[in-house]
Amino acid sequence: MRIYNSLTRRKEEFTPLEKGKVKMYACGITVSGEAHIGHGYQALIYDIMRKYLEKKGYSVTYARNYTDVDDKIIAKSKETGIPAEKYAAQMIENINAVMKEFDVDEPALWLKATENIQNIIDFISELIKKGHAYPAANGDVYFNVSSFKRYGCLSNRSVEDMLDGVRVENDELKKSPADFALWKAAKEGEICWNSPWGKGRPGWHIECSAMNRAAFGDQIDIHGGGRDLIFPHHENEIAQSESLTGKQFAKYWTHNGLIKVNGQKMSKSLGNSLLLSDLLKKYSNEAIKFALLQNNYRGDINITDNLFPEAEKHLTDFYSVIKAAEDKFGKSACANGENERIDDKFNACMDEDFNAALALSELFSLFKSVSAKIQKGDKTAADDVSQIRKTYALLGIFKKDAEEYLKEVAAKNPAEIPAEIEELAKARWQAKQNKNWAQADSLRTQIDAMGYTIKDGKDSFTIIKK
RNA sequence: GGCGUCAUAGCCAAGCGGUAAGGCAAGGGUCUGCAAAACCCUGAUUCCCCAGUUCAAAUCUGGGUGGCGCCUCCA
């Protein structure tokens with residue numbers, strides 16, 4: 001299988017450092033607020049990556065982190081009066097609950113900054129010893145960027161270029177504006193830990209380096225995160241880890257694309273974040289996943305008004321076919337069959353840098369064929385349904401009971417038909433029975449104008465909200 | 001200013017050197033009193049532009065143009 005490596009900017013054949021094993025780390029969330037769809041997307045992507053690597057037979061150790069101490073969390077703590085540790089803990093609980101509802105599995109290891117303070121301090125001390133970092137007069141500790149020759153290798157920048165772009169005045173404490181903080185001295189009343197440089201807390205970048213080292217050793221196979229983290233976060237991780245160990249930190253760097261809303265980037269600073277919890281009220285978790293996975297994970301996704309409704313419609317159609325198959329051939333028949341070709345094709349898609357979008361597009365012809373088989377009474381349709389469910393569960397879809405799924409979606413979109421519409425529709429049906437077409441059509445036009453569509457059956461009709 | 005990334009039909013989108021998947025929308029048909037739904041059929045002689053490499057390029061190289069992003073917290 002091949003994976004796109006941000007470091008080399010090309011797809012590479014995947015070979016782990018140690019045969020059969022994969023060490024994988026994805027940067028998680030700074031818990032200063034609720035989880036938005038971007039967080040959900042990132043968690044989903046790496047959960048799928050982990051699961052697919054496992055399907056390929058690798059023994060995968062997957063770790064994610066929670067940054068549970070930082071400026072924003074401290075600010076929130078001051079704002080709400082809740083101690084920073086408590087605020088962060090509550091947020092983590094909240095985020096975990098939403099992720100569970102979104103149906104993303106937890107990693108094998110959850111790493112938290114506050115539980116790794118000693119590891120971080122040790123890491124920084126070693127960097128100072130090796131001349132890659134220096135303490136400043138106020139108790140901050142900075143990384144000496146000029147001491148790491150390859151600085152910029154991931155984002156393809158040179159230190160000189162960066163200095164051109166520096167917007168903030170260099171403060172007196174740093175030797176160079178490009179240097180970044182490993183340890184931040186605590187201000188009065190802030191959450192802090194003792195260190196050789198006085199009371200303070202870790203900087204953001206050092207966490208990931210130190211926790212990775214504590215969990216995995218010097219090297220890992222796959223490091224992931226959102227594309228917005230390439231610079232400076234991941235660049236700094238490389239600088240810290242590699243100047244300490246002298247070894248390549250991560251063999252494959254992967255970055256997922258970002259979410260845009262109606263063409264505009266979604267970010268904390270713009271305040272246009274779509275909360276995962278809000279979306280889950282409107283759409284099924286599977287529809288949200290389906291919509292997101294229709295794009296390559298490396299590209300940005302633009303969320304427009306019809307993105308999720310369209311996905312929900314596709315899934316409703318697919319589940320309806322599943323239900324039809326179950327009704328015809330029995331539920332157990334639709335749960336125990338196999339069809340290797342379906343699975344092989346899926347694997348072929350995923351082998352090419354986790355091409356879930358291509359795998360999903362297969363579903364349309366797959367279900368078309370199942371539908372035709374049901375019509376003909378061909379029992380292999382049951383095997384197909386069973387295989388589709390087993391295979392695509394990896395992407396997080398078709399995991400539910402068909403009937404329950406259809407009910408769930410209906411419940412999220414309550415089709416409350418106003419009594420008025422009901423009356424008009426009944427009147428129309430009566431007119432139709434009397435073959436008074438002119439009156440029937442006029443009533444239907446009226447109903448249509450009010451936002452409802454009439455669907456006639458053989459001896460009854462249904463009203464659908466448009 | 002520096003760097004990155006993307007550019008495929010009305011829209012979304014796959015494609016990773018071998019002759020343009022899929023979805024939505026649209027048009028035509030079957031069905032229907034007429035519709036709706038469902039089902040069937042139809043769509044780029046061509047992949048932003050200009051050069052180049054090659055037997056062969058949407059795919060590789062060089063140069064443009066345009067969008068987006070990063071260089072400040074961000075998944």
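Keep in mind that the numbers below use all heavy atoms, side chains included, and drop hydrogens, waters and symmetry copies. Within every chain, numbering begins at 1; the chains are lettered A, B, ... in the order of the sequence lines, protein sequences first and strands thereafter. Note that the structure is predicted; figures quoted are calculated from it, not measured.
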- Minimum-distance nucleotide to A/Arg2 side chain [options: B/G23, B/C16, B/U5]: B/C16

- Query: When the distance from OH of A/Tyr4 to C1' of B/C6 is rounded to whole Å, what number comes out?
  - Reply: 11 Å

- Which whole-number value in Å describes the distance from A/Asp47 CG to B/A75 C1'? 15 Å

- Task: Check every atom of B/A75, B/C16, B/G23 against the side chain of A/Glu310 and return the nucleotide holding the closest atom.
- Result: B/G23

- Task: Would you please name every residue forming a salt bridge (charged side-chain N to carboxylate O under 4.0 Å, His left out) with A/Asp353, sequence neighbours left out?
- Result: A/Arg298

- Closest to the A/His36 side chain: B/A75, B/C73, B/C24? B/A75

- Sequence neighbours left out, what passes side-chain hydrogen bond (donor to acceptor under 3.5 Å, both in side chains) with A/Lys289? Give chain and number order. A/Asp103

- Note on the structure: When rounded to whole Å, the CG to P distance for the pair A/Asp228 and B/U5 reads 16 Å

Hey, what are the protein-to-nucleotides 58-64 of chain B N/O distances that come in under 3.5 Å?
none

- Message: Please pick, from B/A75, B/C70, B/G33, the nucleotide with the shortest atom-to-atom distance to any side-chain atom of A/Phe231.
- Response: B/C70

- ring pair (Phe, Tyr, Trp, His ring centres under 6.0 Å): pairs with one or both residues in residues 427-466 of chain A, sequence neighbours excluded: A/Trp429-A/Phe461

- Note on the structure: Protein-proximity profile, nucleotides 7-14 of chain B, B/S/- by nucleotide at the 4.0 Å heavy-atom cutoff, equals ------SS

- Between CG of A/Asp459 and C1' of B/U32 the distance, given in whole Å, is 15 Å

- A/Gly28 near the nucleic acid: base, sugar-phosphate alone, or nothing, with a heavy-atom cut-off under 4.0 Å? sugar-phosphate

- Query: Would you find more than 12 non-hydrogen atoms of other residues, nucleotides or ligands less than 6.0 Å from A/Lys282 atom NZ?
  - Reply: no

- Task: Please tell me which of the listed nucleotides, B/A75, B/A21, B/G33, lies nearest to the side chain of A/Ser361?
- Result: B/A21

- Go along nucleotides 34-40 of chain B 5' to 3' and tag each nucleotide: B for a protein heavy atom under 4.0 Å from its base, S when only backbone or sugar atoms are that close, - otherwise. BBBSS-S

- Would you mind classifying the nucleic acid contact of A/Lys435 as base, sugar-phosphate or nothing, using non-hydrogen atoms under 4.0 angstrom? nothing

- For atom CG of A/Leu154 and atom P of B/C3, their distance in whole Å: 16 Å

- Contacts of type side-chain hydrogen bond (donor to acceptor under 3.5 Å, both in side chains), residue A/Glu237, not counting sequence neighbours: A/His223, A/His233

- Item | Phosphate-side-chain proximity, A/Asn156 and B/C3, N/O vs OP1/OP2 below 4.0 Å | no

- Task: Go through the structure and list residues passing side-chain hydrogen bond (donor to acceptor under 3.5 Å, both in side chains) with A/Ser243, not counting sequence neighbours.
- Result: none

- Task: Figure out the OH/P separation between A/Tyr392 and B/G22, and round it to whole Å.
- Result: 15 Å

- Query: Rounding to the closest angstrom, what is the interatomic distance between B/C16 and B/U59 at atom P?
  - Reply: 12 Å

- Considering only atom C1', compute the distance from B/G23 to B/G63 and round it to an integer number of Å. 36 Å

- Item | Check: A/Ile120 and A/Glu207 side chains under 4.5 Å, non-hydrogen atoms | yes

- Message: Under 4.0 Å, heavy atoms only, any strand: does A/Gly226 hit a base, just the sugar-phosphate, or nothing?
- Response: sugar-phosphate

- Message: A/Tyr52: which residues meet the side-chain hydrogen bond (donor to acceptor under 3.5 Å, both in side chains) condition with it, sequence neighbours left out?
- Response: A/Asp351

- Query: Would the number of heavy atoms belonging to other residues, nucleotides or ligands and lying under 6.0 Å from CD of A/Glu93 be above 12?
  - Reply: no

- Looking only at side-chain atoms of A/Ile259, point me to the closest of B/C16, B/C24, B/A75. B/A75

- Query: The side chain of A/Arg157 lies closest to which of these nucleotides: B/A75, B/C3, B/G23?
  - Reply: B/C3

- Item | cation_pi(A/Arg157, A/Phe231) dist<6.0 Å, angle<=45 | yes

- Contacts of A/Lys265 meeting salt bridge (charged side-chain N to carboxylate O under 4.0 Å, His left out) (sequence neighbours excluded), chain-then-number -> none

- Task: Any salt bridge (charged side-chain N to carboxylate O under 4.0 Å, His left out) involving residues 355-371 of chain A? Give me the pairs, sequence neighbours left out, ordered by first then second residue.
- Result: A/Lys345-A/Glu362

- Interatomic distance where NZ belongs to A/Lys265 and P belongs to B/A75 [whole Å]: 11 Å

- Task: Look at all strands and tell whether A/Thr30 reaches a base, only sugar-phosphate, or nothing, counting heavy atoms closer than 4.0 Å.
- Result: sugar-phosphate

- Residues in salt bridge (charged side-chain N to carboxylate O under 4.0 Å, His left out) contact with A/Glu326, at least two apart in sequence or another chain: A/Arg389

- Item | Value in whole Å for how far the P atom of B/G4 lies from NE2 of A/His233 | 21 Å

